[in-house]
Amino acid sequence: MKLQDRVALITGGGSGIGEATALLFAGEGAKLALCDLREENVSRVAKDIADKGGKSRYYLADVSSEEQVQGMVAKVVSDFGRLDILINNAGITRDALVRRMKEEQWNQVIDINLKGSFLCAKTVSFPMAEQKYGKINNTSSIGSLGNIGQANYAASKAGVIGLTKTLALELARFNINVNCVAPGATLTPMTAAIPKDIAERYKEKIPLKRFADPKEVAYVHLFLASVEASYITGQVIFVDGGVSVGF
Ligand code: NAD
């Protein structure tokens with residue numbers, strides 16, 4: 001078991017990559033604190049973990065609200081007694097060409113994807129620093145390299161890379177590793193809305209010629225959250241079937 005008795009907080013744990021990571025971590029002995037906005041999803045994941053003999057609790061909190069993040073992290077620490085791993089995974093898209101993009105679309109994406117990652121990392125750094133142990137995995141995207149219709153998303157995900165490197169430098173003295181996983185197109189509800197013909201054309205541009213299964217991203221989170229990755233910090237790992245090689 002790679003994460004025996006480690007306590008892991010996963011934001012956006014009710015769906016897609018967050019759900020796959022929660023199930024994988026539970027199977028490796030971790031206790032899961034699942035954060036999401038949508039109770040019907042996150043309670044289903046918590047039940048799934050319990051049915052398989054694992055331990056989890058869920059917390060309804062918006063990662064873009066400092067008050068809600070602080071309340072959630074305090075509750076996680078009081079419920080589980082410690083907090084070892086943060087998977088900063090919650091994220092949204094609000095796509096539009098830049099000349100049509102509304103201020104609200106810009107703000108929502110930056111608030112959840114970038115500010116939310118900052119707020120969660122900042123808040124967990126206090127209990128982690130006290131323990132002198134912590135792993136923070138942020139989530140960027142292949143979109144960070146630029147994508148038509150995603151000025152807001154690309155900016156948020158490029159920002160997450162700068163955030164990761166700075167957190168890695170600042171938190172190293174507390175034995176907190178901070179890294180970043182940058183997925184390419186992955187089969188989750190986020191990509192399910194892409195029209196079929198566009199998805200097929202995009203697949204042709206992926207060297208591995210397919211979208212990722214969420215588990216293939218979850219395994220990278222597992223490695224980075226495990227003791228095997230103890231000397232890795234400030235790094236970005238693209239899990240994109242080779243797409244970034246062509247950039
Ligand atoms: P998803 O839509 O399946 O899941 C995202 C989860 O985040 C949902 O359960 C949602 O309710 C939750 N969430 C949204 N806003 C929140 C908030 N303010 N507070 C708390 N929870 C919130 O998405 P996914 O595809 O699993 O994506 C997970 C992460 O991976 C995101 O950061 C996304 O940007 C990134 N990513 C996804 C892909 C992809 O192709 N699916 C590619 C690159 C990066």
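Numbering of ligands and ligand atoms starts at 1, following listing order. Source: prediction; values computed, not measured.
Protein heavy atom in closest approach to atom 42 (C) of ligand 1: G184 O, 3.2 Å. For atom 28 (C) of ligand 1, the closest heavy atom belonging to the protein is N89 OD1, 3.1 Å. Shortest contact from atom 24 (P) of ligand 1 to any protein heavy atom: T188 OG1, 3.6 Å. For atom 10 (C) of ligand 1, the closest non-hydrogen atom on the protein side is D36 OD1, 3.4 Å. The protein heavy atom nearest to atom 19 (N) of ligand 1 is V63 N, 3.1 Å. Taking atom 21 (N) of ligand 1 as the reference point, the nearest protein heavy-atom neighbour is A90 CB, 3.7 Å. At the top of the distance list for atom 17 (C) of ligand 1, counting protein heavy atoms only, stands L37 CD1, 3.5 Å. Closest to atom 5 (C) of ligand 1, if we only count protein heavy atoms, is G91 O, 3.9 Å.
Each of the atoms 39 (C), 40 (O), 41 (N) of ligand 1 lies under 4.0 Å from some heavy atom of T191. Close contacts of ligand 1 with A61, meaning ligand atoms under 4.0 Å from a residue heavy atom, involve 19 (N), 20 (C). Per-residue contacts place G16 under 4.0 angstrom from the following atoms of ligand 1 (heavy atoms of the residue considered): 3 (O), 26 (O). Close contacts between ligand 1 and D62 involve ligand atoms 17 (C), 18 (N), 19 (N) [criterion: under 4.0 Å to a heavy atom]. Counting atoms of ligand 1 from 1 in the listed order, those under 4.0 Å from a heavy atom of G12 are 6 (C), 7 (O), 12 (C). Close approach of ligand 1 to S140 is summarised as follows: ligand atoms under 4.0 Å from at least one heavy atom of the residue are 44 (C). Atoms of ligand 1 lying under 4.0 Å from any heavy atom of I112, numbered from 1 in the order shown and given with element: 15 (N), 18 (N). Atoms of ligand 1 lying under 4.0 Å from at least one heavy atom of P189, given by number and element, are 3 (O).
Open room surrounds CD on E130; 12 or fewer heavy atoms of other groups in view lie less than 6.0 Å from it. Within 6.0 Å of the CD atom in E40, the count of heavy atoms belonging to other residues, nucleotides or ligands exceeds 12. Heavy-atom neighbours of K215 NZ from other residues, nucleotides or ligands within 6.0 Å: at or below the threshold of 12.
Not a single heavy atom of A212 sits under 4.0 Å from any atom of ligand 1. In this structure, E19 has no heavy atom closer than 4.0 Å to ligand 1. Within the 4.0 Å heavy-atom shell around ligand 1 one does not find T11.
The shortest N or O to N or O distance between P183 and ligand 1 is not below 3.5 Å. Checked by distance only, ligand 1 and A185 stay at 3.5 Å or farther apart across all their nitrogen or oxygen atoms. Looking at ligand 1, you'll find an N or O of T186 within less than 3.5 Å of one of its N or O atoms.
Salt bridge E204/R201: absent, no basic N to carboxylate O contact under 4.0 Å. Using a 4.0 Å cut-off between charged side-chain N and carboxylate O, E66 and K122 make a salt bridge. Salt bridge D48/K52: present, at least one basic N to carboxylate O contact under 4.0 Å.
The minimum heavy-atom distance between T21 and H221, with the atom names listed, is OG1-CD2, 3.8 Å. In plain terms, the two heavy atoms of D84 and Q131 that are nearest each other are OD1-NE2, 3.5 Å. When every heavy atom of S65 is checked against every heavy atom of Q68, the shortest pair comes out as OG-N, 3.0 Å. Minimum interatomic distance between P214 and L187 (heavy atoms only, all atoms of both residues): CG-O, 3.3 Å.
Below 30°, between 30° and 60°, or above 60°: for F80 and Y59 the angle between ring planes is between 30° and 60°, a tilted geometry.
A donor and an acceptor atom, one from each side chain of Y58 and E39, are located under 3.5 Å apart. A side-chain donor-acceptor contact under 3.5 Å links E228 and S226. T164 and N138 form a side-chain donor-acceptor contact under 3.5 Å, judged by distance and modelled atom types alone.
Within the 4.0 Å heavy-atom criterion, the part of I92 lying near ligand 1 is the side chain and not the backbone. When heavy-atom distances to ligand 1 are checked against a 4.0 Å cut-off, T139 comes that close only through its side chain, counted from C-beta outward. When non-hydrogen atoms are compared, ligand 1 lies under 4.0 Å from the side chain of Y153 (C-beta onward) but not from its backbone.
One N or O on the side chain of N177 and one on the backbone of S230 form a donor-acceptor pair closer than 3.5 Å.
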